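Please read the structure below before turning to the comments.
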Protein chains: 2
Amino acid sequence: MKGKATSFDIAHFAGVSQSTVSRALRNSPLVNEETRKKVHEIAKQLNYKVDKNASNLRTQQSSTLALLLFEDPTADDSQINPFFLAMLGSITRACARAGYDLLVSFQQASQDWHADYEDSHRADGLILLGYGDFIDYQEKLDKLMANQTKFVCWGAQVPNRPDLSLRCDNYLGGRLAGQHLLGQQRRQFAFIGDASEHSPEFNERFNGFKDVLVEHNMCIDTRKIANAISTESSGYHATHSLISNKIQFDALFAASDLIAIGAIRALKEAGLSVPEDVSVIGFDDIPVASFVNPPLTTISQSTSKAGEMLVENLLKLIAGHEVVHDILTPELVIRQSTSPLAD
Amino acid sequence: MKGKATSFDIAHFAGVSQSTVSRALRNSPLVNEETRKKVHEIAKQLNYKVDKNASNLRTQQSSTLALLLFEDPTADDSQINPFFLAMLGSITRACARAGYDLLVSFQQASQDWHADYEDSHRADGLILLGYGDFIDYQEKLDKLMANQTKFVCWGAQVPNRPDLSLRCDNYLGGRLAGQHLLGQQRRQFAFIGDASEHSPEFNERFNGFKDVLVEHNMCIDTRKIANAISTESSGYHATHSLISNKIQFDALFAASDLIAIGAIRALKEAGLSVPEDVSVIGFDDIPVASFVNPPLTTISQSTSKAGEMLVENLLKLIAGHEVVHDILTPELVIRQSTSPLAD
DNA sequence: CTGAAAGCGCTTACAG
DNA sequence: CTGAAAGCGCTTACAG
């Protein structure tokens, strides 16, 4: 026999029809047990594998999901946000468990990234992942909706469809950070990150943080807020600029761990010690967080839970089932980058 | 029109046959320029996308590569080796550039992981990535060969087929590490990693290291060698055991950055300072390396170059072209975890 | 330059 | 329980 074996080859050897082979391989209850066994045996001998293209074409689905990862245009080749990399890991595993393949693709946030994975039947649905400018996303999400594409989305909200997106309770996370720093007798609070509608996740974190301070009759001086995207170098530069402007602070909440790591570098360079002079808290709990020096206190988002739920929800959507909107609960992880203020 | 548009729908609206539509969409030179334009226009209006399952079935290929990532059985869910994650990034990009989709899958090293991606026509070829027990790999690679599966492999050698694997010059990398430490007047050398045939990459690194020492009339005391797999905790425990056994050393070469990071943690815990008491050098230059404290001196393997070449070679293989065996050149990256010995 | 037709390898309704 | 047949949506050799 030349090339790969087909179901006709098996039929030939088993002395049954090709339809029966197909049924047997799919373990249809219609098929006689003995026949089923014989077919499976021959299939194994011939090293037969169902041709996915043929079966997908026939059944009009692909058993494949596509993960689209958007990168900030500034992100360079080598540095993919570790938080998303961790998500990728858990999504891959969740797909495997569900018997789905996963197609991975990086997209520029600027591009027309709804791509054509679903239209071309390469994937049954999309998982969207990425920080970036929220405003830009909205119209693209609209397009996906109009197109009836099945998708779920980490972070960004889909207008009128809360079920299509998943995120952790960023507001609560911000509150946890604020409470932790307050409990350490810190009183001069800085925030680094984009607290605007362009980055709703960061914005919510900031709001939670701010609200806690206000509840304790404190406030955050707007001069102590510096804008940054989620990279180490952006965090470094933002912090550096605060310091050069002689802004004083004894506590710093960074909107992400990457920002926090950059902030710590800037602080050290300026001769400030962490946590003695400045308590620094991040957000995400990326794998690196425990390796940096000092190990980073942070707000943890469970990537494994998140990945699992994204896949689960997407599969429900594909199956035409309802999805309940859920929000993940973040947790404070205390390490050594924060400490009570010494008097 | 219900559901997705097909080439027949376009044919209908364009007033040509479906064959002509297909040719026009593929920009066949046979087709009249005006017809071609009209077809493209209508396709766009109908939001038509070629059904990949159908075209793949017809052409018997998939324009998809599969990336199989093996994990050490000990690796837990959250911690995928960052070196491979970086490779994943560059491989994804290289695939996109070549017009290929990338299927990603994690595999247990123990499993029958040649999987059936190629047999089932889900992918045209495989990229294998992963540390792990080399001995176990060999028979699996043999199976892939016997199966005529197209694949390339990072690190592990394929018997008699050097062209199927790609790696950096680990021996040279080991030499670079040795030379650097020698240049710092260090004289008591420890090595952490699995220097055996089970981990040929680590073994080569060790051999290069050892040879340089020997050339300088020095040697490595076997008691100063500790076994470790490529994780932070394994590096930590190995180093910890050296210290508890009162083994003295002023320089440490870790077979990977992850190991080095764990080693630094153990050293600090034992009250030893890095680099003053012990110079530590790693291998890989993972993104974290520059964030840890002190920033890690290491031997860099270019993941972007590596990913690109793996994809390039695999595509050549698929096309039936010859692949020249190539080996990447590692580079010494000096940071602050190593310093000249103070007298 | 274009069209009618075959066929890629399956799955599944239909008939027995 | 089984088989003959249709058809998923393309690509491409063949004929004009």
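What you see is a predicted model; the values in this text were computed from it and never measured. These values consider heavy atoms only, across backbone and side chains, with no hydrogens, waters or symmetry-generated copies. Note on naming: letters A, B, ... go to the chains in the order of the sequence lines (proteins, then strands), and numbering restarts at 1 for each one.
For the pair A:Thr35 and D:dC1, the criterion of a side-chain N or O lying under 4.0 Å from OP1 or OP2 is not met. Phosphate proximity of D:dT2 to A:Thr20: absent, as no side-chain N or O sits under 4.0 Å from OP1 or OP2.
A:Arg122 and A:Ser120 share a side-chain donor-acceptor pair at under 3.5 Å. A:Ser19 and A:Ser22 share no side-chain donor-acceptor pair at under 3.5 Å. If you check the side chains of A:Asn313 and A:Asp163, you find no donor sitting under 3.5 Å from an acceptor. With 3.5 Å as the limit, one finds no donor-acceptor pair spanning the side chains of B:Asn56 and B:Ser62.
In this structure, A:Leu30 places its CG atom 10 Å from P of C:dA13, rounding to the nearest Å.
Contact between B:Asp124 and B:Ser63 at its shortest, heavy atoms only, is OD2-N, 2.9 Å.
Helical stems involving DNA chain D, defined as 3 or more consecutive Watson-Crick or G-U pairs under 3.5 Å, span C:1-3 with D:14-16, C:5-12 with D:5-12, C:14-16 with D:1-3.
A:Leu310 contributes atom CG, which lies 9.5 Å from atom CG of A:Leu128 (distance to the nearest 0.5 angstrom).
Around atom CG of B:Asn160, no more than 12 heavy atoms belonging to other residues, nucleotides or ligands sit under 6.0 Å away. In this structure, A:Glu34 places its CD atom where only 12 or fewer heavy-atom neighbours from other residues, nucleotides or ligands lie under 6.0 Å away.
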Nucleotide N/O of nucleotides 7-11 of chain D paired with protein N/O under 3.5 Å:
unit_1 : atom_1 : unit_2  : atom_2 : d
D:dG7  : N2     : A:Arg58 : NH1    : 3.4
D:dC8  : O3'    : A:Gln60 : NE2    : 3.4
D:dG9  : OP1    : A:Gln60 : NE2    : 3.1
D:dG9  : N2     : B:Ala54 : O      : 3.2
D:dC10 : OP1    : B:Tyr48 : OH     : 2.7
D:dC10 : OP2    : B:Ser7  : N      : 3.1
D:dC10 : OP2    : B:Ser7  : OG     : 2.6
D:dC10 : O5'    : B:Tyr48 : OH     : 2.9
D:dT11 : OP1    : B:Arg26 : NH1    : 3.0
D:dT11 : OP2    : B:Ser22 : OG     : 2.3
D:dT11 : O2     : B:Arg58 : NH1    : 2.1
D:dT11 : O4     : B:Gln18 : OE1    : 3.3

